Amino acid sequence: MRIIDLEGQQAVDFLVYDAANHENRYNAANTIKINRSVYVGKGFKLVSDLGEVLMTVVEDTVGHHDTIGGCCSTEVNHMRYGINGTPSCRNNFTTALRAHGMDPRDIPANINFFMNVPVRADGSTEIVDGLSEPGDYVDLRAERDVLVVISNCPQQFNPCSGWNPTPVRIIEWHPSRGR
Ligand SMILES: [Zn+2]
């Protein structure tokens with residue numbers, strides 16, 4: 001599959017599950033250990049709770065995506081910005097997961113494509129301006145049948161989506177059916 005950041009600086013919150021066993025899901029800590037990096041880029045393997053590779057990043061025009069920031073939520077937006085009732089990736093995830101019989105307990109720490117969360121030498125970190133430009137993309141190859149859940153981040157109160165959420169495009173290729 002390809003995820004295209006059509007206008008640039010748009011965070012895409014991303015989860016992936018083994019389609020045959022939803023408990024075998026993307027695990028951030030295992031993925032960081034195996035790839036020996038907190039930043040997702042070309043060649044990066046998305047590793048599950050059970051130590052299996054669910055997907056591989058096979059192409060990437062940015063080379064720097066986040067593994068530690070997690071998803072925005074209505075509750076943490078209130079905590080950070082004092083604003084009630086905001087749309088959020090956590091709500092989007094919950095809605096999408098419900099269609100597959102899952103609930104908020106099935107939301108682990110997610111990947112944020114096109115989101116820039118540098119970890120500085122002193123260990124400090126924060127969400128800063130994204131590095132992606134219009135048309136930048138990431139290609140992912142499924143290493144088995146997987147369920148992917150995506151939230152195009154609606155956050156307006158920090159720079160993760162350039163203070164202005166914009167559309168993305170998803171293209172799926174199937175090995176037997178073509179695009
Ligand atoms: Zn978000």
Side-chain angles (χ1 to χ4, degrees), residues 1-17 22 25-29 31-32 37-41 44 46 48 54-55 57 60-100 102-120 124-140 146-172:
M1 65 179 291
R2 174 170 292 180
I3 306 171
I4 308 170
D5 186 353
L6 294 173
E7 298 185 23
Q9 295 190 324
Q10 175 58 40
V12 177
D13 290 50
F14 179 98
L15 292 170
V16 57
Y17 305 78
H22 292 164
R25 60 189 185 177
Y26 168 74
N27 181 299
T31 297
I32 290 166
S37 175
V38 296
Y39 305 120
V40 178
F44 204 87
L46 310 190
S48 72
L54 299 178
M55 300 186 90
V57 178
D60 176 11
T61 63
V62 180
H64 184 98
H65 309 268
D66 171 62
T67 56
I68 63 171
C71 64
C72 65
S73 72
T74 304
E75 294 78 7
V76 176
N77 279 344
H78 180 259
M79 182 184 189
R80 298 178 80 190
Y81 310 116
I83 300 164
N84 290 319
T86 56
S88 70
C89 290
R90 181 175 166 83
N91 287 351
N92 289 346
F93 280 160
T94 300
T95 300
L97 289 169
R98 195 177 296 132
H100 297 275
M102 292 188 275
D103 66 24
R105 290 174 291 185
D106 296 299
I107 304 175
N110 58 284
I111 287 177
N112 294 300
F113 287 111
F114 310 114
M115 187 162 118
N116 186 15
V117 188
V119 179
R120 305 183 187 95
S124 65
T125 184
E126 65 182 319
I127 299 168
V128 299
D129 287 345
L131 301 172
S132 54
E133 298 180 349
D136 273 328
Y137 64 89
V138 176
D139 286 346
L140 294 139
V146 295
L147 170 67
V148 166
V149 177
I150 290 171
S151 170
N152 191 29
C153 182
Q155 177 65 264
Q156 300 180 62
F157 304 108
N158 71 51
C160 73
S161 295
W163 308 96
N164 175 35
T166 52
V168 297
R169 178 170 293 145
I170 308 297
I171 300 173
E172 181 185 0

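Here the structure is a predicted model, which means the values were calculated and not measured. Just so you know, ligand 1 is whichever comes first in the structure, and atom 1 is the first atom listed for that ligand.
For H65 and Y39, the ring centers sit 6.0 Å or farther from each other.
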request  = Determine, step by step, whether F14 and L140 satisfy the side chain to side chain contact (heavy atoms under 4.5 Å, CB included) criterion, reporting the C-alpha distance in whole Å, the side-chain angles of both residues, the deciding distance to 0.1 Å, and the verdict.
outcome  = CA-CA 12 Å; F14 179 98; L140 294 139; 3.8 Å; yes

query = D5 and F113: side chain to side chain contact (heavy atoms under 4.5 Å, CB included), yes or no, with the steps?
reply = CA-CA 9 Å; D5 186 353; F113 287 111; over 6 Å; no

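A donor and an acceptor atom, one from each side chain of E126 and N158, are nowhere located under 3.5 Å apart. A donor and an acceptor atom, one from each side chain of Q10 and S161, are located under 3.5 Å apart.
Near the Zn ion (ligand 1), less than 2.8 Å away, sit the protein N, O or S atoms C72 SG, C89 SG, C153 SG.
Here the side chains of D129 and Q9 are in contact, with some heavy-atom distance below 4.5 Å.
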